[in-house]
K.L.:
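Below: one structure in structure tokens.
Just so it is clear: chains get the letters A, B, ... in the order the sequence lines come, proteins before strands, and each one is counted from 1. Every heavy atom of this structure was used, including side-chain atoms; hydrogens, water molecules and symmetry mates were not.
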Amino acid sequence: MENTEIARIFHEIAELLEMKGEDHFRIRSYRNAAMVIEGLTESLKTLYEKGEAGLDGIPGVGKGIRAKIAEMLTTGRCAVHDGLLKELPAGLFDVLKVGGIGPKKVMLLYKELGITSVDALRRAAESHAIHALPGMGEKTEENIIRAVESLKKVSARFNLAVGLSYAEGIKAHLQKTPGVARVEAAGSLRRWKDSIGDLDMLCIAHKPEDAIAAFAAYPGVKDVLSKGGTKSTVVLKTGLQVDLRVLKEDAFGAAMQYFTGSKAHNVALRDMAKRKGLKINEYGVFKEPGDRWDAGKTEEDVYRSVGLPWIPPELRENRGEIEAAAEGRLPAPLELCDIRGDLHVHTRESDGNATLAELSEAAQARGYEYIAITDHSRAVGVAHGLDEKRAMAQIEAIDAFNERLKASGRHFRLLKGAEVDIRADGTLDHADEVLSRLDCVVGAVHSGFNMTREAMTGRIIKGMESGWINVLAHPTGRLIGVREPYKVDMEAVMGAAKRHGTALELNSYPERLDLNDVHCRMARERGILVAVSTDSHSTAHLGNITFGIHNARRGWLEKNDVLNTRGLKELLRILKKTRQAGR
DNA sequence: GCCGTTTTCGGCCCGACTGTTTTCAGTCG
């Protein structure tokens, strides 16, 4: 079993225990362990196979949960999970997803009315069978009908680029409201998480009620879920939920810290504060009992109050950043100015829409020293992939172009490259005669996504073993919200990358962000270089590098961990060495 | 169920809003 599967089972145990009304802290332990497991950079299987001590020392995983992990790894089952599922029907998980229905109500509806599905819930609400139950009323029935309706339309999660554009729209709208001094997005968007479930907005306003009213009146709003004195929640027409909190200026830093999260980071931070006799909430830092500390204006104040330096939002996942901050070993965040070029760019020869000259100009305008032209190979027919003849012609064209650049005194170079398909049998989609003339070969999987895990892993490793691949592009093939990653053993792929000196791509396209944050961190720990590339199909796409940089930060990558922070000379040396080592 | 500068028991982050209640539970983030 893989980490994600084991984590899922712990999440389910937590939900089942919660419905049964078990101890809150025990439930939290399962949730916490699940989240910790999702952030691990080694598979539990590998750790377990190391022997007794392998699973020791994982924070939040004690004796009980360790035993369950061992049980799942050896038998593929978890008796506690199985037992709970015998007590409670699996349909209750769906009922729990209905907004406004929590574990207590799910259980009440199940016990009193036998409701085990969303459909049954809606029917019960429509036939007014619910309001007779204790704690339920007519309003509850109306809300259930509405929540079930929106459940159907809501798409799971939104990608970052979409989230950013909504946040900008709301920000512009609120800033037009008199008395609104400042509006910022917090939450997972500010942490640059690869996908967002909702938007958290903060605002400073003299009259909170005016800001709340303006928020509810935003033209994109479909439903107002709640509207209080300082807080409101709405659902946009697109299905995205947005929360707004209105605050006073002197609490803005504390609120930013609080609402940026993650929840796990905040719990750990507040626990730390508590041990120091302090209390942190969204209004500031307080010395018990109750009196105010001057630590609410900036986030730095909040962190300083518990003896920590400011922690970049991208790292706030309780994956060791608090300990690292305490010990002064936070990673130095990767910056845009560290990036010297882009190693994955398409032209109109395949499925891009820009010419060599246009891309060259756009890249120079960004201050780059190089970009690699990496059009598709022929296997990607829909993208008008290049066969050997066209590839050779492009090589000649790039050589000629570089000659002209040189003659004009520009310190910029186009690298000859290709995004060559790793075919289903692991062979490459260009002949050696073409590959040997390229500066930078990007290998990628674009078909046959439904292979078994073993077959896909073998296919990719065989591709790398050819010795031609400098960078493995979008290594898991995921498209956020559209397509799951293909099944692949990333530990094995990284093992091969390390042996062959292959870099792994962090594809900056907001729908991809592949490698993800945890995979980036895995690469760093294993000493594998990451290429932060854009996979641009137009000059505008070069700007997507921003998404890649923030995702790299989430993966703790520093300048030295990234291949394309190297200057041209050093880059070419590394690219050449990879080939020589591999062949 | 986890954890320890309060260490093997007794804690465990904190607050807003809603709908149902006559003082608060449930839900959410």
Side-chain angles (χ1 to χ4, degrees), chain A residues 10 13-14 17-19 21-36 56-69 80 96-109 130-144 146-147 186-188 196-202 208 212 216 224-235 241-247 251 254-255 257-286 288 290 302 306-307 318 326:
Chain A
F10 285 140
I13 290 176
L17 291 176
E18 204 167 29
M19 288 189 273
E22 300 271 338
D23 178 59
H24 275 77
F25 299 110
R26 194 169 153 233
I27 291 161
R28 207 178 77 183
S29 296
Y30 279 108
R31 288 229 162 85
N32 184 45
M35 285 192 290
V36 167
D56 283 355
I58 301 174
V61 174
K63 206 172 147 190
I65 289 181
R66 197 160 49 227
K68 289 180 185 69
I69 292 171
V80 168
L96 197 52
K97 288 196 186 86
V98 176
I101 302 292
K104 291 286 191 306
K105 284 182 183 167
V106 168
M107 212 51 188
L108 184 67
L109 292 162
I130 290 175
H131 74 267
L133 299 176
M136 307 280 201
E138 285 176 19
K139 198 79 192 246
T140 314
E141 289 178 337
E142 286 171 30
N143 286 343
I144 286 174
R146 229 173 36 163
S188 48
I196 58 161
D198 65 359
L199 269 184
D200 295 288
M201 308 288 294
L202 295 186
I212 294 285
V224 179
L225 297 186
S226 74
K227 200 172 145 196
T230 62
K231 182 185 167 181
S232 173
T233 300
V234 303
V235 177
Q241 183 173 313
V242 188
D243 296 332
L244 176 74
R245 275 295 284 267
V246 188
L247 296 126
Q257 195 292 316
Y258 191 93
F259 290 105
T260 296
S262 66
K263 192 172 172 175
H265 174 88
N266 284 355
V267 168
L269 196 73
R270 296 202 282 275
D271 182 55
M272 197 173 169
K274 192 162 187 134
R275 275 185 268 124
K276 289 178 186 287
L278 299 171
K279 186 176 82 168
I280 300 178
N281 62 24
E282 63 263 57
Y283 302 110
V285 180
F286 299 85
E288 288 164 324
V302 177
V306 290
N318 196 27

K.L.:
Please give the distance between the P atoms of B:dC12 and B:dT7 as a whole number of Å.
P.N.:
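After rounding to an integer number of Å, I get 15 Å for this pair.
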K.L.:
Under 4.0 Å: is that the gap between some side-chain N or O of A:Thr140 and OP1 or OP2 of B:dT20?
P.N.:
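True: A:Thr140 side-chain N/O within range (under 4.0 Å) of B:dT20 OP1/OP2.
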K.L.:
Taking any heavy-atom pair under 4.0 Å as a contact, classify A:Ile27: base, sugar-phosphate, or nothing.
P.N.:
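Nothing, no nucleic acid heavy atom in range.
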K.L.:
I'd like the C1' distance from B:dT20 over to B:dT27, given in whole Å.
P.N.:
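B:dT27 and B:dT20 have their C1' atoms separated by 13 Å.
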K.L.:
Closest approach to the side chain of A:Lys68, judged atom by atom: which nucleotide of B:dT27, B:dG15, B:dG1 is it?
P.N.:
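Between B:dT27, B:dG15, B:dG1, the one nearest the side chain of A:Lys68 would be B:dG1.
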K.L.:
Look at the side chain of A:Gln241 and decide which nucleotide, out of B:dC12, B:dC28, B:dG1, has an atom nearest to it.
P.N.:
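Within the option list, the nearest is B:dC28.
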K.L.:
Among the nucleotides B:dG29, B:dA16, B:dC17, which one has an atom lying closest to any side-chain atom of A:Ser226?
P.N.:
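The answer is B:dC17, which lies nearest to the side chain.
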K.L.:
Select from A:Asp271 and A:Glu138 the residue whose nearest nucleotide in DNA chain B is closer to the 5' end of that strand.
P.N.:
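Mapping each residue to its closest nucleotide by heavy atoms, the 5'-most match is A:Asp271.
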K.L.:
For B:dC28, give its Watson-Crick or G-U wobble partner with both distances under 3.5 Å, or none.
P.N.:
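Result: B:dG15.
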K.L.:
Please work out if A:Glu22 contacts a base, only the sugar-phosphate, or nothing of the nucleic acid, heavy-atom cut-off 4.0 Å.
P.N.:
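Nothing: the residue A:Glu22, judged by heavy atoms under 4.0 Å, touches no strand.
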K.L.:
Between A:Lys227 and B:dA16, is there a contact of a side-chain N or O with OP1 or OP2 at under 4.0 Å?
P.N.:
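False: A:Lys227 side-chain N/O out of range (4.0 Å or more) of B:dA16 OP1/OP2.
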K.L.:
Which listed nucleotide (B:dG26, B:dG29, B:dA16) is nearest to the side chain of A:Tyr283?
P.N.:
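Of the candidates, B:dA16 comes closest.
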K.L.:
For A:Tyr30 and A:Phe259, find the nucleotide of DNA chain B closest to each by heavy atoms; which residue's nucleotide sits nearer the 5' end?
P.N.:
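The residue whose closest nucleotide sits nearer the 5' end is A:Tyr30.
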K.L.:
Which part of the nucleic acid does A:Gly99 contact within heavy-atom distance under 4.0 Å: base, sugar-phosphate only, or nothing?
P.N.:
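Sugar-phosphate contact only.
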K.L.:
Would you measure the distance from the P atom in B:dC17 across to the matching atom in B:dG10 and give it in whole Å?
P.N.:
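Looking at atom P only, B:dC17 and B:dG10 are 38 Å apart.
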K.L.:
With a non-hydrogen cut-off below 4.0 angstrom, is A:Lys276 in contact with a base, only sugar-phosphate, or nothing?
P.N.:
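The answer is nothing, as A:Lys276 stays clear of every strand by at least 4.0 Å.
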K.L.:
Checking all strands, does A:Asn266 fall into the base, sugar-phosphate, or nothing category for heavy-atom contacts under 4.0 angstrom?
P.N.:
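It contacts nothing in the nucleic acid.
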K.L.:
What is the nucleic acid contact for A:Tyr258, judged by heavy atoms within less than 4.0 Å: base, sugar-phosphate only, or nothing?
P.N.:
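It contacts base atoms.
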K.L.:
By the 4.0 Å heavy-atom rule, please label A:Pro103 as base, sugar-phosphate, or nothing.
P.N.:
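Contact class for A:Pro103: sugar-phosphate only.
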K.L.:
Can a donor-acceptor pair be found, under 3.5 Å and without considering hydrogens, that links the side chain of A:Glu282 to the backbone of A:Tyr258?
P.N.:
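Here the side-chain-to-backbone pair does not exist.
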K.L.:
How far does the C1' atom of B:dC14 sit from the matching atom of B:dT8, given to the nearest Å?
P.N.:
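To the nearest whole Å, 28 Å.
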K.L.:
On a whole-Å scale, what distance lies between the C1' atoms belonging to B:dG11 and B:dT6?
P.N.:
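My reading of the C1' atoms in B:dG11 and B:dT6 gives 9 Å.
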K.L.:
Roughly how far apart, to the nearest Å, are B:dG1 and B:dT5 at atom P?
P.N.:
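Rounded to whole Å, the distance is 23 Å.
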